[in-house]
Amino acid sequence: MKIVTWNVNSLKVRLPHLLDWLAATQVDVVCLQEIKCEEKSFPFAELEAAGYQAVASGQKTYNGVAILARSETCGEIREVQRNIPGFEDEQRRVIVATVGGVRVVCGYFPNGQAVGSEKFEYKLRWLTALTDWLREELALHPQLVLGGDYNIAPEDRDVTTEWHDEIHVSVPEREAFRALIALGMTDAFRLFEQPEKLYSWWDYRMMAFRRNVGLRIDHLLVSTALRDAVRSCVIDKAPRKLERPSDHAPVIVELETVL
DNA sequence: ATGTCGATCGCTGATCGA
């Protein structure tokens with residue numbers, strides 16, 4: 001079973017890329033972020049024709065998340081939930097569903113803009129709410145994957161140049177990431193020997209992709225119960241090389257589970 | 001710190017968020 005996280009930065013613009021990529025990779029579950037569309041304009045029909053069921057939580061212009069499940073292998077998408085329970089938020093950043101026996105949490109974590117800003121405070125509040133809720137969710141669903149654009153680079157090796165106290169790498173953000181790990185979650189990417197300087201996001205500006213100036217901010221955390229089932233975790237840079245790419249590359253984890 | 005990109009409003013570009 002292959003589970004993916006991919007911030008597509010507008011599903012409308014990226015749908016051709018996504019459909020080509022799904023056809024080529026045949027992955028089972030996809031967590032999408034920044035779909036930037038409401039459910040009423042979500043391309044359910046196109047995805048269904050490509051062999052995928054979908055659930056989405058979207059809004060105009062900003063944010064928006066979705067989970068895709070390959071019909072042939074996953075069966076029905078069940079127990080769908082939108083947003084973090086008890087956390088009032090008009091921003092659509094979380095969707096959760098049970099797919100093929102795995103509880104899949106798809107999150108578009110707040111960017112935070114700048115350390116100390118109002119948006120940064122919101123990011124930290126959001127992270128606390130997510131962590132508190134996830135603790136309960138793990139008790140109910142031990143087989144859980146948290147995939148998303150975390151907007152946090154957990155360690156210095158996840159960053160091109162050594163930044164400190166900047167957004168994405170600041171101490172409070174990294175502490176929040178470690179709080180998620182402390183729930184019993186494991187960063188699937190770090191279970192394996194990986195190439196150096198491999199990132200999941202590159203700024204559109206400054207020729208960042210060509211210079212490989214990036215951040216590893218898209219992650220797939222797996223729960224304790226799934227840890228030993230992880231077979232691989234890779235970042236696929238290929239879609240970032242296409243015309244009109246998303247600024248993020250998809251991250252893929254392969255689990256050995258019965259579907 | 002920002003040379004790009006995407007969406008919106010609503011006009012043919014400015015503004016915002018990332």
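Proteins come first, then strands; the chains are lettered A, B, ... in the order of their sequence lines, and each starts at number 1.
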Inset, instruction - Find out whether A/V234 and A/E254 are in side-chain contact, i.e. whether some heavy atom of one side chain is under 4.5 Å from a heavy atom of the other. - result: no
[atom1] atoms of [N] and [M], separation to the nearest Å:
N	M	atom1	answer
B/dG13	B/dA1	C1'	25 Å
B/dT12	B/dA18	P	26 Å
B/dT15	B/dG3	P	15 Å
B/dG10	B/dG6	P	23 Å
B/dC11	B/dC5	P	26 Å

Inset, instruction - Scan for ring-ring contact (aromatic ring centres under 6.0 Å, His included) pairs involving residues 9-40 of chain A, sequence neighbours excluded, and state none if there are none. - result: A/W6-A/W21
Legend entry - Pairs flagged by ring-ring contact (aromatic ring centres under 6.0 Å, His included) wherever residues 88-113 of chain A is involved - sequence neighbours left out: A/F109-A/W126, A/F109-A/Y150
Inset, instruction - Apply side-chain hydrogen bond (donor to acceptor under 3.5 Å, both in side chains) to A/N151 and list each qualifying residue two or more places apart in sequence or on a separate chain. - result: none
Inset, instruction - Identify, with sequence neighbours excluded, every residue that meets side-chain hydrogen bond (donor to acceptor under 3.5 Å, both in side chains) alongside A/Q59. - result: A/N63
Inset, instruction - With DNA chain B as reference, determine whether A/Y204 or A/H248 sits nearer its 5' end, using the nearest nucleotide of each. - result: A/Y204
Legend entry - Nearest-nucleotide 5' precedence on DNA chain B, A/D203 against A/D247: A/D203
Inset, instruction - Can you run down the salt bridge (charged side-chain N to carboxylate O under 4.0 Å, His left out) pairs that involve residues 189-200 of chain A, sequence neighbours left out, and say none if there aren't any? - result: A/D158-A/R190
Inset, instruction - Using the salt bridge (charged side-chain N to carboxylate O under 4.0 Å, His left out) rule, collect all pairs that involve residues 108-126 of chain A, keeping only residues at least two apart or in two chains. - result: A/K123-A/E173
Legend entry - ring-ring contact (aromatic ring centres under 6.0 Å, His included) involving A/F44 - partner list, sequence neighbours excluded: A/F42
Inset, instruction - Pull out every residue in residues 108-118 of chain A that has a heavy atom closer than 4.0 Å to any atom of DNA chain B, ordered by number, or say none. - result: A/Y108, A/N111
Legend entry - Span of DNA chain B, from the first to the last nucleotide whose atoms fall under 4.0 Å of chain A heavy atoms: B/dA1 to B/dA18
